[in-house]
2 protein chains.
Amino acid sequence: MKQGEQTRTNIVKAANKLFYHQGFHKTAFSDIVKEVGLSKGNITYHFKSKDDILQAVFQRRITKTMNILAAWDEQYPDAKDRLNCFIESLKEGKSDLTKYGCPNGTLASELGKNNALTRELSQGLFDLIRHWLEQQFINLGFSSEQANDKALELFSRGQGICVLAQVYNDETLFITEINKLKQLVK
Amino acid sequence: MKQGEQTRTNIVKAANKLFYHQGFHKTAFSDIVKEVGLSKGNITYHFKSKDDILQAVFQRRITKTMNILAAWDEQYPDAKDRLNCFIESLKEGKSDLTKYGCPNGTLASELGKNNALTRELSQGLFDLIRHWLEQQFINLGFSSEQANDKALELFSRGQGICVLAQVYNDETLFITEINKLKQLVK
DNA sequence: GTCTATAAGAAGATAGAC
DNA sequence: GTCTATCTTCTTATAGAC
């Protein structure tokens with residue numbers, strides 16, 4: 001990776017972390033500067049505005065998500081295994097999901113309130129997971145409509161659990177509720 | 001109501017609306033000034049800081065929630081009717097819940113990330129509903145443990161549906177998923 | 001209680017040297 | 001590509017008149 005490219009990546013990684021841990025509006029440009037350890041001018045060279053950084057953060061999350069889902073597709077031939085893998089991955093992330101909520105869900109909640117553009121960015125990210133889940137249920141023999149329904153339920157319940165677990169800062173609650181989701185895969 | 005008391009209430013109402021529609025950090029003091037239609041100095045007379053207003057907003061939401069739950073308790077002798085009333089109230093709020101998400105859930109997501117104080121404020125608010133739901137399931141004959149479990153599931157699924165419906169700005173999705181919650185009450 | 005005016009700092013964005 | 005320095009606007013908080 002070229003130097004400029006590496007710097008760009010470092011900025012996006014730092015911003016991604018801060019947007020997750022603090023939220024978008026609470027994160028100042030100067031916070032990103034501090035986190036990434038470069039000058040403000042340098043960051044401005046790579047991204048002309050905070051909104052530009054946000055766009056790049058979304059793009060990064062989309063790419064990362066696509067890679068994870070593709071890896072699962074490759075690793076597990078069986079749709080049931082894939083869905084269980086999805087659920088297990090939530091359990092593995094319990095610490096951060098309980099501390100900060102879901103990275104995508106909390107960002108969507110904050111930004112989607114009155115901004116059509118950022119809402120669409122969130123939709124793109126959510127669609128990746130939503131339609132991947134749907135596809136797995138189709139593979140399990142469900143109709144398109146049923147699969148859509150199941151995917152929505154699994155997805156939304158995961159989101160709700162993250163909200164509750166974050167409010168109560170309670171990993172036990174998180175695990176208990178996530179375990180219930182396995183029944184949807186049976 | 002005395003004049004000062006009325007002004008205080010108006011400020012809290014305006015802030016409550018803005019925190020819901022825009023989020024806390026995106027809402028500036030000047031936004032509240034504009035919304036309430038009074039001078040900045042007047043608002044500062046009643047609340048010395050934005051955090052003070054936030055505290056009052058939480059207090060208002062707690063009081064309002066307690067009043068609603070108490071009214072349902074009085075209106076419906078049967079626990080099943082109360083729970084269905086809870087679910088119906090979500091459906092009636094579909095427009096705002098889809099546009100802006102759950103008022104309490106989105107505020108908790110935004111503020112609970114790294115602030116123990118505001119997390120506790122959210123917990124107090126969530127506890128009201130959580131324990132009210134729990135009590136209804138106890139009234140239906142469930143054990144304390146089962147009732148807690150059912151209440152958590154109903155509550156968290158409601159939260160998750162709000163997140164998804166907001167992201168997709170989709171009232172149909174919202175209603176479809178909320179209707180599923182009725183099965184938990186049967 | 002309500003107002004105007006202003007201070008002090010932080011925010012995001014820009015200019016130009018190296 | 002990276003830096004320092006600056007600018008403008010916004011944000012919060014305060015002071016003091018009425």
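Here is how names work: the chains are called A, B, and so on, in the same order as the sequence lines, proteins then strands, and each is numbered from 1.
- Contact check on B:R130 versus B:E134 returns no salt bridge, with no Lys/Arg side-chain nitrogen under 4.0 Å from an Asp/Glu carboxylate oxygen.
- For residues 55-77 of chain B, the pairs satisfying ring pair (Phe, Tyr, Trp, His ring centres under 6.0 Å) are B:W72-B:W132, with sequence neighbours left out.
- A salt bridge is absent between A:E5 and A:R8; no separation between the charged side-chain nitrogens and carboxylate oxygens falls under 4.0 Å.
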Checklist outcome for this item: Readout for nucleotides 2-18 of chain D: B = base within 4.0 Å of protein heavy atom, S = sugar-phosphate only, - = neither; 5' to 3' it is BBB------SBBB----
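- If you check residues 10-18 of chain B against DNA chain C, you find no residue with a heavy atom closer than 4.0 Å.
- Taking a 6.0 Å sphere around NZ of B:K34, one finds it holds 12 or fewer heavy atoms contributed by other residues, nucleotides or ligands.
- Under the 4.0 Å criterion applied to side-chain N and carboxylate O atoms, A:K91 and A:E88 are assigned as salt-bridge partners.
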Checklist entry - side-chain hydrogen bond (donor to acceptor under 3.5 Å, both in side chains) between B:N10 and B:Q6: does it pass, once the steps are laid out? => result CA-CA 6 Å; B:N10 289 342; B:Q6 182 63 55; 3.1 Å; yes
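- A side-chain donor-acceptor contact under 3.5 Å links B:T27 and B:Q22.
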